[in-house]
Novice: 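This is the structure I have questions about; it appears just below.
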Amino acid sequence: MNGQPDNDTVTSEDTLPEQMRVRREKRERMLASGIEPYPVSLPVTHGLGQVRAENPDLAPDTSTGRIVGVAGRVMFLRNTGKLCFATLRAGDGAELQAMVSLKQVGEEALSAWKADVDLGDHVFVSGEVITSRRGELSVLVDEWRMASKALRPLPVAHKDLAEETRVRQRYVDLIVRRQAAETVRTRSAVVRSLRESFHERGYLEVETPMLQTLHGGAAARPFLTHSNAFDIDLFLRIAPELYLKRCVVGGIERVFEINRNFRNEGSDSSHSPEFAMLEFYEAYGTYDTMAVLTRELVQEAATRVFGTQVVTLADGSEYDLSGEWASLTMYESLAEAVGEEVTPETPAERLRTLAASHGLDLAGGGAKLGHGKLVEELWEHLVGSALHEPTFVRDFPLETSPLTRQHRDKPGVAEKWDLYVRGFELATGYSELVDPVVERERLREQSRLAAAGDEEAMQLDEDFLRSLEYGMPPSGGTGMGIDRLLMALTGLGIRETILFPLVRPE
RNA sequence: GGGGCGUUAGCUCAAUUGGUAGAGCUGCGGACUUUUAAUCCGUAGGUUCUGGGUUCGAGCCCCAGGCGCCCCA
């Protein structure tokens, strides 16, 4: 509850707020006089935007002779007695004014308009396209009908809803706040751009299981569910990785999937329990070629959606995504930050000391963490969060990258990068580990960690290993959060980029 | 997990030290045939998130809880 009377569970009419009671009474009154407040169909001939497009640049007080039938939601009402103005808005944001004049519609239709139409109602009007004396493109109404009577009052259209109401009642947010509707369009355009970029490169889009029998593909805590038919427990997937690799084994050598992942972890301004994920794999690719492709995907999305690779963020600042992106390695940049040598041989104990002396407050002083986790935590704290420009961070500790190939030259390091944008992780790419024997060893170690209580550790997936034993071509793989990509391109928070984020029930 | 802040009319928000809970928009009634968040006159609308406590008196103070936001881990 957030303080309002709980209108949704009110059953008795006389306890409703006045404004809701009045609208229900209007509906009843219309029904009683034989007027349908929710007609099945209306003779719409034009969209609101279409009328605008077909009647550009008319001088004030013009009559066009063109008759149209249009419908839209009433956003503003201006009533001067014998002449009523209404601003109708369509779902795409197009607006058109309706003018209901006594002279045109007569006494009865005019007073019905005044009595029945509220802000927020959908109405249909037909009449001639004209401009008013002030030059506003309008429909001079010959006939009007209710298209759908709204029973709840529209919030004030001039102020944003409170944050919580925006998220809980996104449908209202979408009606009232242009930016909310715009974000939905931007997201759709970005996803479309990704698909186009992949199709141009000969990739196939697939859909792999979201209900999985084993927990694997990433380090994260899963949601658990149950199949009644099979009487087995199932995991909501934390990643599609192990199935997409099966695809590559099977000969789908350029493959991508855009779908939901679920992680049973905290939710904050950059994490959501369910989030849209893009993963893509390319036979004979490496983490170097995947970095190039990832940059191109982001740049092509920016160009297609905004027409520029210098995007304007929600706070008005500009962010440059163009050109080549910076690149650094994890161990070297960390060594520079702490002022002493850090390598895959640096003992965990030394890393714990460094963490303490740099104000990194790890649980239990990091006693439970091994070398790899400590390096990543230190790096994130000292380097990652300060990276503003788009930057590839390369060559991660091998032990925390169980699905990644050992670096071709550097011992103890994996061919893995993370892409950082404005201080958060946008994507991660690999030269994939395809040796089934090494992979089995890595997954055995993971299952030992899981048995020891690590809830993020993977289970050993025999069928996945079997697939590798048939031979997977050397491949590059990448994952990128769609919600994160929207954040990168727009500067919005994750709750703004997700239409209906999970919220605790009212 | 810890700390801080918030929760008041349909919506967005006020309310001095503890002393009759207000405004704008919205709604309702009225005036107005060219408005652009129309304007003008009148008017209604409240379990101040919930439960308990202190007090002559609580939106405000105390305790417990709900929900949300921010910071830290």
Novice: When the C1' atoms of B/rA9 and B/rG45 are compared, how many Å lie between them, rounded to an integer?
Specialist: 6 Å
Novice: Quick one: ring pair (Phe, Tyr, Trp, His ring centres under 6.0 Å) partners of A/H271, sequence neighbours excluded?
Specialist: none
Novice: Check this for me: does any side-chain nitrogen of one of A/R448 and A/E445 sit under 4.0 Å from a carboxylate oxygen of the other?
Specialist: yes
Novice: Can we say A/E25 and A/R29 salt-bridge, meaning some charged N sits less than 4.0 Å from an Asp/Glu carboxylate O?
Specialist: no
Novice: From B/rG10, B/rG27, B/rU36, pick the nucleotide closest to the side chain of A/V22?
Specialist: B/rG27
Novice: Pairing check on B/rU43: which nucleotide meets the Watson-Crick or G-U wobble criteria with it, both distances under 3.5 Å?
Specialist: B/rG27
Novice: Between A/D118 (CG) and B/rG29 (P), how many Å, whole number?
Specialist: 10 Å
Novice: Looking only at atom C1', what distance separates B/rC60 and B/rU48, rounded to whole Å?
Specialist: 10 Å
Novice: Tell me every residue that passes salt bridge (charged side-chain N to carboxylate O under 4.0 Å, His left out) with A/R495, counting only those two or more places apart in sequence or in another chain.
Specialist: A/E163
Novice: Within the structure, does a side-chain N or O atom of A/R168 lie under 4.0 Å from either OP1 or OP2 of B/rG68?
Specialist: yes
Novice: In residues 60-69 of chain A, what residues come within less than 4.0 Å of RNA chain B, judged by heavy atoms?
Specialist: none
Novice: Once ring pair (Phe, Tyr, Trp, His ring centres under 6.0 Å) is applied, do any residues pair with A/H158, and if so which ones, sequence neighbours excluded?
Specialist: A/F76
Novice: Using the test salt bridge (charged side-chain N to carboxylate O under 4.0 Å, His left out), find all partners of A/R27 that sit at least two apart in sequence or belong to another chain.
Specialist: none
Novice: Please report, rounded to the nearest Å, how far the C1' atom of B/rG68 is from the CZ atom of A/R166.
Specialist: 14 Å
Novice: Hunt down the Watson-Crick or G-U wobble partner of B/rG22, both distances under 3.5 Å, from any strand shown, or write none.
Specialist: B/rC13
Novice: Could you check how far CG of A/L137 sits from P of B/rU36, rounded to whole Å?
Specialist: 17 Å
Novice: Need to verify one output field. Residue with the more 5' nearest nucleotide on RNA chain B, A/S138 or A/L119?
Specialist: A/L119
Novice: Once you round it to whole Å, what is the distance between P of B/rG10 and CE of A/M20?
Specialist: 10 Å
Novice: Output the single nucleotide from B/rG10, B/rU34, B/rG27 whose closest atom is nearest the side chain of A/P17.
Specialist: B/rG10
Novice: Ignoring backbone atoms, establish whether A/R495 has a side-chain N or O less than 4.0 Å from OP1 or OP2 of B/rC70.
Specialist: yes
Novice: Are OP1 or OP2 of B/rG68 and a side-chain N or O of A/R504 less than 4.0 angstrom apart?
Specialist: yes
Novice: Between A/E376 and A/K373 (salt bridge meaning N to carboxylate O under 4.0 Å), is one present in this structure?
Specialist: no
Novice: Within the 4.0 Å heavy-atom criterion, would you say A/A157 contacts the bases, only the backbone, or no part of the nucleic acid?
Specialist: nothing
Novice: What's the gap between B/rG6 and B/rA14 when it is taken at their C1' atoms, as a whole Å value?
Specialist: 15 Å
Novice: Distance-only criterion, 3.5 Å: show the donor-acceptor pairs between side-chain atoms of residues 100-110 of chain A and protein atoms not counting sequence neighbours.
Specialist:
from: A/S101; atom 1: OG; to: A/K103; atom 2: N; distance (Å): 3.2

Novice: Applying the Watson-Crick and G-U wobble criteria at under 3.5 Å, what pairs with B/rC61? Answer none if nothing qualifies.
Specialist: B/rG53
Novice: What integer distance in Å separates A/L88:CG from B/rA37:C1'?
Specialist: 16 Å
Novice: For residues 214-224 of chain A, which residue pairs pass the salt bridge (Lys or Arg N to Asp or Glu O under 4.0 Å) check, not counting sequence neighbours?
Specialist: A/R221-A/E455
Novice: Using atom CD of A/E163 as one end and atom P of B/rC70 as the other, report the distance to the nearest whole Å.
Specialist: 7 Å
Novice: Does a nitrogen or oxygen in the side chain of A/K26 sit under 4.0 Å from OP1 or OP2 of B/rC28?
Specialist: yes
Novice: Identify each atom pair where a protein N or O and an N or O of nucleotides 38-44 of chain B are less than 3.5 Å apart, giving names and distance.
Specialist:
from: B/rA38; atom 1: OP1; to: A/L77; atom 2: O; distance (Å): 3.2
from: B/rA38; atom 1: OP2; to: A/R78; atom 2: NH1; distance (Å): 2.8
from: B/rA38; atom 1: N7; to: A/N79; atom 2: O; distance (Å): 3.4
from: B/rA38; atom 1: N6; to: A/N79; atom 2: O; distance (Å): 2.6

Novice: Listed by chain and number, what are the ring pair (Phe, Tyr, Trp, His ring centres under 6.0 Å) partners of A/F392, not counting sequence neighbours?
Specialist: A/W325, A/W417
Novice: Do any pairs count as a salt bridge (Lys or Arg N to Asp or Glu O under 4.0 Å) and have a residue in residues 51-78 of chain A, sequence neighbours left out, and if so which ones?
Specialist: A/R52-A/E136
Novice: Contacts to RNA chain B from residues 96-112 of chain A, heavy-atom cutoff under 4.0 Å, which residues?
Specialist: A/Q97, A/M99, A/S101, A/L102, A/K103
Novice: Taking CZ from A/R23 and C1' from B/rG27, how many angstroms apart are they, rounded to a whole number?
Specialist: 8 Å
Novice: Round to the nearest Å and state the distance from A/D160 atom CG to B/rC13 atom C1'.
Specialist: 14 Å
Novice: If the C1' atom of B/rC67 is compared with that of B/rA73, how far apart are they to the nearest Å?
Specialist: 23 Å
Novice: Please give the distance between the P atoms of B/rC13 and B/rU20 as a whole number of Å.
Specialist: 25 Å
Novice: Using 4.0 Å as the upper bound for N to carboxylate O, is an ion pair formed by A/E182 and A/R178?
Specialist: no
Novice: Of all residues at least two apart in sequence or in a different chain, which pass the side chain to side chain contact (heavy atoms under 4.5 Å, CB included) check with A/A147?
Specialist: A/L42, A/H122
Novice: I'd like the P distance from B/rA44 over to B/rA23, given in whole Å.
Specialist: 11 Å
Novice: So what's B/rG68 paired with, Watson-Crick or G-U wobble, going by both distances under 3.5 Å?
Specialist: B/rC5
Novice: Would you mind telling me which residue lines up with the more 5' stretch of RNA chain B, A/V503 or A/A86, judged by nearest nucleotide?
Specialist: A/A86
Novice: Quote, to the nearest angstrom, the P distance that separates B/rC70 from B/rG65.
Specialist: 22 Å
Novice: Does B/rU33 have OP1 or OP2 sitting under 4.0 Å from an N or O in the side chain of A/K82?
Specialist: yes
Novice: Taking atom C1' in both B/rC5 and B/rG10, compute the distance separating them and give it to the nearest angstrom.
Specialist: 26 Å
Novice: Take the angle between the ring planes of A/Y420 and A/W379 and call it parallel below 30°, perpendicular above 60°, tilted in between.
Specialist: perpendicular
